[in-house]
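Given the structure is predicted, the values throughout are model-derived calculations rather than measurements.
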Amino acid sequence: MKLTCYLRLVLVFAMPLALCGSNVALAQQNVSFDIEKPPFEYTKTADDNRVSRLIAKLKSKEIKLQYTREQGYLASMLEALEIPPSSQTLVFSKTSMQVRYISPRNPRAIYFNDDTYVGWVRGSSLMEISTFDPKLGAAFYTVDMMPWRAKIERASYDCLGCHVTSMTQGVPGHTVRSVLPNIDGSVDPQSASSITSHRSPFSQRWGGWYVTGRHGEMTHSGNALLRGGRLDTHDNGNRLNLRDEFDTYDYLSPYSDIVALMVLEHQSQTHNAMTRADFSVRQLQHAQSKREPTEESESEWRAQLHLIAKPVVEALLFCDETELTSDVKGLLEFSHTFEGYGPSDDQGRSLRQFDLKTRMFKYPLSYLIYSNAFDSLREELRREVVRQLLDVLEERDTSQTYAHLTSQMRRDILEILRATKPGFEREAS
């Protein structure tokens with residue numbers, strides 16, 4: 001199959017109601033990307049990211065990975081990529097390129113940090129890595145784990161069959177998918193699946209995933225299989241470990257942490273939102289470069305930029321986040337490690353501090369504001385996102401979209417930002 005068969009995709013978005021009648025809004029609803037054509041040229045564009053830099057260090061023998069019989073290069077790779085083993089989440093549905101290895105008795109492990117994801121399956125000599133790249137969005141790699149060397153290569157278009165679709169907002173990206181799995185882990189083709197994020201109802205999350213941790217009376221779809229045509233959720237919640245489900249010996253831990261899963265959902269969809277916005281601006285600028293600027297085109301550009309930035313702002317501010325009705329308690333090691341990355345202000349406040357009582361974070365502005373993904377946004381887009389954020393945090397924008405943010409929350413978030421991201425406010429000028 002030709003590469004462009006995978007990549008010519010159209011994704012439709014609903015825009016704010018007040019703007020639905022405008023030509024700008026209608027144009028934005030139908031933005032699509034052929035990522036093999038300018039200005040993207042995905043497969044021709046050189047990668048420059050955390051993984052490509054690791055590959056260069058391996059080639060120069062600056063570092064060397066260590067192999068073990070049980071996990072291949074997994075532990076050494078996580079250390080080299082600065083990914084905590086406590087971030088482990090486990091998916092047993094057959095929703096990966098390595099379907100022949102994956103089952104409820106042999107789940108696929110996912111490990112991640114703020115920009116990079118590693119997928120490992122027991123018994124397979126292939127490890128998968130993806131990472132954020134300023135020009136590519138998500139970049140994908142495979143690791144052939146031979147005992148005498150780890151061969152890391154940028155992946156071919158095979159990965160893009162799943163990772164450039166409507167599930168990833170039409171750009172190279174990631175998803176946490178909730179499915180209805182059969183007893184062997186295969187996905188029931190007659191049943192609907194969903195992409196989950198911080199907006200998803202708790203009960204619809206994590207079908208096909210293992211989940212460990214406490215969540216009180218809230219229910220989810222993890223740890224469950226289809227039986228008699230229905231998902232058997234009897235006694236599937238509040239699991240403390242997974243030793244009764246499968247042999248966890250060769251895994252780095254016997255957990256698939258509920259808090260890590262919540263972070264993974266938010267992070268993957270927010271990354272996708274930023275990539276989509278950046279691709280939209282790049283595509284518009286490429287088209288505009290072929291035309292003479294006019295006063296009307298400049299006005300239209302400002303309106304388009306506002307619309308493109310808004311979904312990023314809403315993702316960063318956890319708009320429409322599902323309210324937690326019970327306390328969530330996951331693995332202490334993951335929570336402590338994640339919160340420890342900071343940065344913190346002089347009062348010890350951080351955007352990484354969890355709440356896990358009524359919402360995910362104590363201060364609901366995403367820690368991804370510090371990420372390379374955010375800092376790499378096109379300058380015009382980043383300035384517009386910052387301008388809209390400041391309008392919300394300084395209470396010039398008190399619209400219903402941001403009603404979940406109290407005045408005190410807005411003040412706290414702004415104070416934390418001023419202390420931990422110097423120059424942030426100057427971006428809007």
Side-chain angles (χ1 to χ4, degrees), residues 1-15 23-49 51-52 97 115 128-142 153-175 195 268-294 297-298 300-312 372-382 384-385:
M1 184 177 291
K2 292 182 179 179
L3 178 62
T4 52
C5 292
Y6 282 122
L7 304 184
R8 285 175 181 161
L9 301 160
V10 177
L11 182 62
V12 177
F13 276 85
M15 305 312 286
N23 291 331
V24 170
L26 291 173
Q28 282 304 113
Q29 287 182 33
N30 294 287
V31 171
S32 63
F33 310 104
D34 185 337
I35 67 172
E36 282 308 302
K37 290 185 176 180
F40 311 112
E41 298 184 302
Y42 187 87
T43 57
K44 293 181 181 178
T45 300
D47 49 358
D48 182 13
N49 54 60
V51 179
S52 66
M97 64 185 292
D115 58 28
E128 302 158 85
I129 304 177
S130 59
T131 191
F132 170 78
D133 185 287
K135 292 184 178 179
L136 302 172
F140 303 92
Y141 301 83
T142 57
E153 294 183 322
R154 187 170 161 186
S156 66
Y157 62 78
D158 291 346
C159 294
L160 302 178
C162 293
H163 288 278
V164 186
T165 69
S166 59
M167 294 189 296
T168 63
Q169 302 186 32
V171 293
H174 305 91
T175 63
I195 304 306
S268 59
Q269 289 304 306
T270 303
H271 267 152
N272 292 348
M274 287 193 282
T275 298
R276 180 171 176 81
D278 197 64
F279 273 37
S280 296
V281 169
R282 287 168 64 184
Q283 184 157 282
L284 282 171
Q285 290 178 327
H286 179 71
Q288 289 172 347
S289 68
K290 301 176 182 179
R291 300 193 299 264
E292 287 293 326
T294 65
S297 65
E298 177 63 22
E300 184 174 305
W301 160 247
R302 300 309 307 176
Q304 288 174 319
L305 191 61
H306 176 88
L307 288 171
I308 291 168
K310 190 171 177 61
V312 178
N372 188 34
F374 181 83
D375 290 340
S376 298
L377 292 173
R378 291 275 158 160
E379 182 178 356
E380 299 90 335
L381 173 60
R382 192 175 64 251
E384 178 62 22
V385 170

K.L.:
I'd like to know if the side chain of Gln283 and the backbone of Ser32 have a donor-acceptor N/O pair within less than 3.5 Å.
P.N.:
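Confirmed, Gln283 side chain pairs with Ser32 backbone.
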K.L.:
Tell me whether the NZ or CZ atom of Arg276 lies within the 45° cone about the ring axis of Phe279 and under 6.0 Å from its centre.
P.N.:
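No, cation not above the ring by the 6.0 Å, 45° rule.
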K.L.:
Tell me, with the steps shown, if Ile35 and Glu41 meet side-chain contact (heavy atoms from CB on, under 4.5 Å).
P.N.:
CA-CA 6 Å; Ile35 67 172; Glu41 298 184 302; over 6 Å; no
K.L.:
Of all residues at least two apart in sequence or in a different chain, which pass the side chain to side chain donor-acceptor pair (under 3.5 Å) check with Asn49?
P.N.:
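Counting only residues at least two positions away or on another chain, Asn49 forms a side chain to side chain donor-acceptor pair (under 3.5 Å) with Asp133, Tyr141.
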K.L.:
For Phe40, does its backbone N or O pair with a side-chain atom of Thr45 as donor and acceptor, under 3.5 Å?
P.N.:
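Checking the backbone N and O of Phe40 against the side chain of Thr45, a donor-acceptor pair under 3.5 Å is found.
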K.L.:
To the nearest 0.5 Å, what is the distance between CD (Glu380) and CZ (Arg302)?
P.N.:
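Answer rounded to 0.5 Å: 8.0 Å.
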K.L.:
What is the minimum heavy-atom distance between Ala273 and Val312, and which atoms define it?
P.N.:
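Residues Ala273 and Val312, closest heavy atoms: O-CG2, 3.6 Å.
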K.L.:
If I take atom CD from residue Glu300 and atom CG from residue Leu284, how far apart are they, to the nearest 0.5 angstrom?
P.N.:
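Result: 8.5 Å between the selected atoms.
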K.L.:
Which atoms form the tightest heavy-atom contact between Asn272 and His174, and what is the distance?
P.N.:
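So the minimum-distance heavy-atom pair works out to ND2-O, 2.6 Å.
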K.L.:
For Thr275, which residues count as a side chain to side chain donor-acceptor pair (under 3.5 Å) partner, sequence neighbours excluded?
P.N.:
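Residues passing side chain to side chain donor-acceptor pair (under 3.5 Å) with Thr275: none at all.
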K.L.:
Closest approach of Thr43 and Arg154, non-hydrogen atoms and distance?
P.N.:
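Heavy atoms only, the tightest pair is CA-NH2, 4.0 Å.
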K.L.:
Are the side chain of Arg282 and the backbone N or O of Lys135 linked by a donor-acceptor pair below 3.5 Å?
P.N.:
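Looks like yes, one N/O pair under 3.5 Å.
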K.L.:
Considering non-hydrogen atoms only, spot the tightest contact between Phe140 and Ser130 and give its length.
P.N.:
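It is CD2-CB, 3.5 Å.
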K.L.:
Roughly how far, to the nearest 0.5 Å, is the NZ atom of Lys44 from the CD atom of Glu36?
P.N.:
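It comes to 8.0 Å.
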K.L.:
Quick one: are Met274 and Phe132 in side-chain contact, heavy atoms under 4.5 Å?
P.N.:
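No, their side chains stay 4.5 Å or more apart.
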K.L.:
Of all heavy-atom pairs between Phe33 and Ser280, which one has the smallest distance, and what is that distance?
P.N.:
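Closest approach of Phe33 to Ser280, heavy atoms only: CZ-OG, 3.5 Å.
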K.L.:
For Phe374, what residues pass the ring pair (Phe, Tyr, Trp, His ring centres under 6.0 Å) criterion, not counting sequence neighbours?
P.N.:
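Testing Phe374 for ring pair (Phe, Tyr, Trp, His ring centres under 6.0 Å), a comparison that skips the adjacent residues, returns none.
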K.L.:
Please round to the nearest 0.5 Å and tell me the distance separating atom CD of Gln285 and atom CZ of Arg378.
P.N.:
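Nearest 0.5 Å value for the CD-CZ distance: 5.5 Å.
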K.L.:
What distance do Gln288 atom CD and Gln304 atom CD have between them, rounded to the nearest 0.5 Å?
P.N.:
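Reported to 0.5 Å precision, the distance equals 6.5 Å.
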K.L.:
Is Val385 close to Lys310 at the side-chain level, that is, under 4.5 Å between some pair of heavy atoms?
P.N.:
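No, too far: nothing below the 4.5 Å cut-off.
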K.L.:
Can a donor-acceptor pair be found, under 3.5 Å and without considering hydrogens, that links the side chain of Thr131 to the backbone of Asp115?
P.N.:
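Yes, Thr131 side chain to Asp115 backbone: donor-acceptor pair under 3.5 Å.
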